[in-house]
Every structure is written in C-alpha cells, then in structure tokens.
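Step one of this worksheet: look at the structure below.
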Amino acid sequence: MVAVAPTEDGGGRLLRLCDDGTADGDERHVADLVRAADAVERVESPRWLWASTATMYPRLLRAGVRVGRCHDVELTEALLLGYEGRYGEPRALPAIWARLRGLPVPPDPPAPDAAPRDQDALFDDLPDAAALADPLGALVEAYADQVARIAAVEHPGRFRLLVAAESAGALVAAEMGHHGLPWRADVHDELLRELLGEPSRLAGAPPRRLVELVERIRAAFGGARVHPESPADLLRAFSREGIVLPSTRAWVLRGVDHPAVPLILEFKELHRLWTAHGWSWREQWVRDGRFNPEYVAGGVVSGRWATRGGGALQIPKVVRRAVVADEGWTLVVADAAQLEPRVLAAVAGDTGLATAAATGDLYAALAADAFDGDRARAKVALLGAMYGQTGGAAVPALAVLQARFPTAWQYVERAARTGESGGLVRSWLGRTCPASDQRLSGERARARGRFTRNFVIQATAAEWALILLAGVRSRLAGTPARLVFFQHDEVLVHAPVGAADEVADAVRAAGEQAGRLLFGHSTVRFPLDVSVVRCYADAA
DNA sequence: TACAATGACACA
DNA sequence: TACGTGTGTCATTGTA
C-alpha cells in the first residue's frame, strides 16, 4: 500500500505502508505527483491510501492516469462514524477533513452556558503543530485508527468488504464522470421538436406545443387567464368551476371529469420535459457528444449514489433515445432483475423465499407457492412488506406473506420496530442508518419505522450493486470498454462492437461474484438482464 | 432582491 | 387499480 498526500506546489509526499498502517520504508517527496503516481501504478499497482478519491482522482484522470485500487479515508470515516452512531456529531468529519489537508481543526462550538475560558485552556485547544504541517502523517494515523476500529465491529470481514466496495465505487464514479455518457445532441433536438414542437425564438419562452396547450386549457376554462404551470392558479381555476381539489397532482386530476384535465396532464408532462431535459439542459450539460454529470459515491444515506447537476439519475425514458453509442461501438445495458426482494430473501435467510429467489422470476415462483399463481398479488405483497405499506388492497396479500414467510416478515418488522423506538439498523455489510435526533412518537415514529424497514433492504441492494460495479470495472481493466452509466441497479458499458459478447459475459460473471461475495453459498440468485444495443432506449 | 419552503414529478 | 422507501431539479410562492 502507498499513502499519498498532495502538496500545494503540485508535488506530493509518498510513503509505503503495511496493511496495518505501519510504515514500510522512508517517506519521499516528489515534485510532480501525477507522474510519480503513474510510475508507481505501472510498476506495482498498489492499493493507494488517500484522503479523498473525489478530490485526488479527477486530477490523475485528466492526465490519463488510471489506478486499480484505493482506500478512501473520508468515505471510510463516514461509514465508521455511522456504525458508531456518531455520524451526526458536528465536528467528527470536519475535524479529520481539516487534519488531512493540513488545515486548522475547527474549534468546538462553545456550550451555551459555559463559563468564559482562560488563556491556558485556549492554548490547550490549539491544533497540534506537527499534525497541522503533516497531512501525510495525519493520513497514516487516520488509516491505522480506522483499521483498529474496523476490527472492533461485529462483522469485521463484511465491513472490510464494504470499505473496499465504497472505495472502488468512488474510483468508478470519478472515471464515469470523466468519461461521460455518449449523447447525440442532434437526436435529442429531433425528439424535443417532435414532442414539444418548434422552439421559440425568444430565449426562455415556451415552444409551440406548450403555447397551444395553454390556449386550449384557457378555452376549456371559459377563456380565463390560467397559468397551468402554477398549481395554485390551477386550483383556483377548478374551484371557480365548482371543483375543489386537494392538489393538482396527476393522479388526483385523473379522477376529475373536466374537459381541461387531459390537456393539463399533457401540458405537465411536456412542460417538465422542456424545463428539466430540454434545450437549455442540453446546452449546459452536453459537450462534444458526452453528458458529464458529477457522480457522488456515498451521497445517499442508504449508500446509493447521488449526482450533482444534470439530474443524471432521473433521465426520463423518452430522452434515452439520445443516448447512442459511437460509430463502431455499442452499449451493453445490464440491470438486476427484482434486486430488492432477492436481497430480502438473502439477508433474512428465509428458506422459502430463498427458494423462490433461486429462480429467474421471483414473483412468479412466489405466486405459485403461496398466491394461487397470482403474480401481481405476490409482487404487491412483497413490495408492501419492504416499503411498510399498511393500508389498501395489499393488506390480505401481506397477511399471506406473514403466514407463509415468517422469517422474512420478521426481518423487516424488527427493522421497523427498531427504527420506531429510535434505534439504529444496519445493512448486511454494516452501513448504518442515521441516528434519530430525538425521541419520536406517533406518525413521526412510524415514518422512521418505514425508513429503517426499507433501509436494511435498500442499503444492502446498494452494496450488491457497488460490488457488481467494482467487479465489472476490474474485468474491463486494460480493454477499451468503459463504464459510462450507473443507476442504482443498472449499468451501461460503452464497448467496441466486436467486444460486446465478451463484455456481456464479464458483466454476468461480476453479478454472480457479487452475490457470492455478499452472501456466500446462499441459494438466492441475482440474475441480470443484459442487452446489447446501439441506443439506450432500445434496451429491454 | 435573495433565499427558503413547497409542490410536482422524473428515476430506482 | 389504491401512495409505502430513497433521491434531484425546476417553478412558484412566501418571507426577510
């Protein structure tokens, strides 16, 4: 392992370490960090120890340097603080962040009733001068501390896998952001014109079809000046016609008998396309045939990724027509089928559910076993159990689930009760939900119960996906194929046409390995639907 | 005028 | 078919 800390002059300091964090050689200073890292990577491809992949790696990527493995101290620290129930501590993360960058540690905020402090006490509080000047020392110290804390968790082996997956995920996130998703601006423009009509010559003014729809909506309201993009205005317009609505949500409007309703629904859909993924979106986010969002690994408490800008994780299905492989290239699209119920079967160790999850269609197997072959009811029951549904027609189906798969049922119920009473729940590998800030009661307690019930599943599903991603990445290393998109349970690889089958096999193999790494010899399978397409919209 | 809260809806 | 989890983004509306 090689620890690396950048210095302000573009150089950096390197130190070879053993796995427990003890030094294995002398520290050396290099004038050009990027070149030095490249050389070290080529010769020995070590695991890199650094403060933050998100701040270090893009710089290397811009210089054409790719690394194989790393340990990301900040992401690991967030995982450990969460595990220890300290995530909300105001100073915990900022403190380590500052020390790793050689900055002064922010002081504790003074307690509201504290007596004024004397000079000596202030002096005691000053950051250690050596630590201040020594980010590399702080890094090595933080790593050794993390190694010891990981050894103390309930399942250290699982937690080490989590740390490795989180760090690998951060590498993938930086690489995907750097590489970008192939995006045909001309195809995007064509489909926008098709759906929205001619764009206005006036910047910021709506395209033709939206203008027409507004006119027809006004006509349906007897010529009143209605602004359909304003929910409050729409509510007023309906109430003038004697129709009082709780909101203007699409599913509320669908139950309303009024000539304006179908027009409003169409307007909403197109208006959203125009504002969220229209021409100005394209101008802002698409450059040289690539959409380059910034992925934030570990950005969601459940371990799912977030993105900053561009709404990369909410690309509407119609817009996926603009995602087209380069000439001579192809897209390998793989998504995990029924990932969350399969995760439930595996983590709960419910043998009946695991038997159903050993097949390609979990819902169908479950239906055959317990729901008289009614696949839709089986699906509703399972989703209801994972999301905490309490009412509606799912209730009888939930009762069947409870009676026939008590182990799985109890697993999610226990997570819900722990959450309601303010406790912490963990994913399979040890990612921990945020602590409750106060004692809860009533609806707020129940809401936290629904959250923790879902957390144990969603966070474990995110772990499976992260391990899949890491597996795909390492199998593609040294080939021209690139991971270009990842969305919770779906990955896209941009590959030369001739390599498509090989890449598809690699993705499937990574999926099988992810299941084994997480759950050993569980009978639960995690099949991937893989398709090889020119255009993302054509994926099955 | 700037920012925060809200409503709505896209994705998994 | 009924609204239960997690997000990000935009427009509107309310407040400082």
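Naming convention: chains lettered A, B, ... in sequence-line order (proteins, then strands); numbering from 1 in each chain. Keep in mind the model is a prediction, meaning the values are calculated, not measured.
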Can you tell me the distance, in whole Å, between the CG atom of A:Asn454 and the C1' atom of C:dT7?
-> 12 Å
Does A:Arg272 place a side-chain N or O at less than 4.0 Å from the phosphate oxygens OP1/OP2 of B:dC9?
-> no
Run the salt-bridge test on A:Asp326 and A:Arg184 with the 4.0 Å N-O cut-off and return the result as yes or no.
-> no
Does anything in residues 289-314 of chain A reach DNA chain C, meaning a heavy atom under 4.0 Å, and if so which residues?
-> A:Val300, A:Val301, A:Arg304, A:Ala306, A:Thr307, A:Arg308, A:Gly309, A:Gly310, A:Gly311, A:Gln314
From the list C:dG4, B:dG7, C:dG6, which nucleotide is the closest neighbour of the side chain of A:Pro231?
-> B:dG7
Would you indicate, yes or no, if B:dA8 has its OP1 or OP2 atom less than 4.0 angstrom from a side-chain nitrogen or oxygen of A:Lys268?
-> no
Could you tell me the separation between the CD1 atom of A:Ile457 and the C1' atom of C:dG4, rounded to a whole number of Å?
-> 14 Å
Value in whole Å for how far the P atom of C:dG4 lies from CD of A:Glu443 | 9 Å
Would you say the ring centroid of A:Phe519 lies under 6.0 angstrom from that of A:Trp428?
-> yes
To the nearest angstrom, the CG-P distance between A:Leu469 and B:dA12 comes to 17 Å
To the nearest angstrom, how far is A:Met386 atom CE from C:dG6 atom P?
-> 14 Å
Identify which nucleotide among B:dC11, C:dT13, B:dA10 has an atom closest to any side-chain atom of A:Arg320, counting heavy atoms from C-beta outward.
-> B:dC11
Measure from CZ on A:Arg453 to C1' on C:dG6 and round the result to the nearest Å.
-> 16 Å
Is A:Glu413 salt-bridged to A:Arg453, cutoff N-O under 4.0 Å?
-> yes
Give a yes or no on whether a salt bridge exists between A:Arg193 and A:Glu198, defined as a side-chain N under 4.0 angstrom from a carboxylate O.
-> yes
Are A:Trp281 and A:His188 near enough that their ring centres are under 6.0 Å apart?
-> yes
Within less than 4.0 Å of OP1 or OP2 of C:dT1, is there a side-chain N or O belonging to A:Lys379?
-> no
Is the shortest side-chain N to carboxylate O distance from A:Glu443 to A:Arg446 below 4.0 Å?
-> yes
Using modelled atom types only, decide if a donor and an acceptor are shared between the side chain of A:His258 and the backbone of A:Ala260 within a distance under 3.5 Å.
-> yes
Roughly how many Å is it from CH2 in A:Trp251 to C1' in C:dG4, rounded to a whole number?
-> 13 Å
Strictly under 6.0 Å, is that where the ring centroids of A:Tyr83 and A:Phe159 end up?
-> yes
Nucleotide C:dA11, atom P - distance to CZ of A:Phe267 in whole Å | 11 Å
Looking at the rings of A:His178 and A:Tyr57, which for Trp means the six-membered one, are their centres under 6.0 Å apart?
-> no
Which part of the nucleic acid, if any, lies within contact of A:Ala250, taking any heavy atom under 4.0 Å across all strands shown: a base, the sugar-phosphate backbone alone, or nothing?
-> sugar-phosphate
State yes or no: are the ring centers of A:Phe238 and A:Phe221 separated by less than 6.0 Å?
-> yes
Would you classify A:Ile315 as touching base, sugar-phosphate or nothing, given that sugar-phosphate means primed atoms plus P, OP1 and OP2, and contacts are heavy atoms under 4.0 Å?
-> sugar-phosphate
Bracket notation of DNA chain C in which parentheses pair within the strand, [ ] cross earlier pairs, and | pairs with another strand (Watson-Crick or G-U, under 3.5 Å) = ....||||||||||||
C:dG4, syn or anti by chi within 90 degrees of zero | syn
Please work out if A:Gln487 contacts a base, only the sugar-phosphate, or nothing of the nucleic acid, heavy-atom cut-off 4.0 Å.
-> sugar-phosphate
Taking the side chain of A:Glu229 as heavy atoms from C-beta outward, which of C:dT13, C:dG4, C:dA11 is closest to it?
-> C:dA11
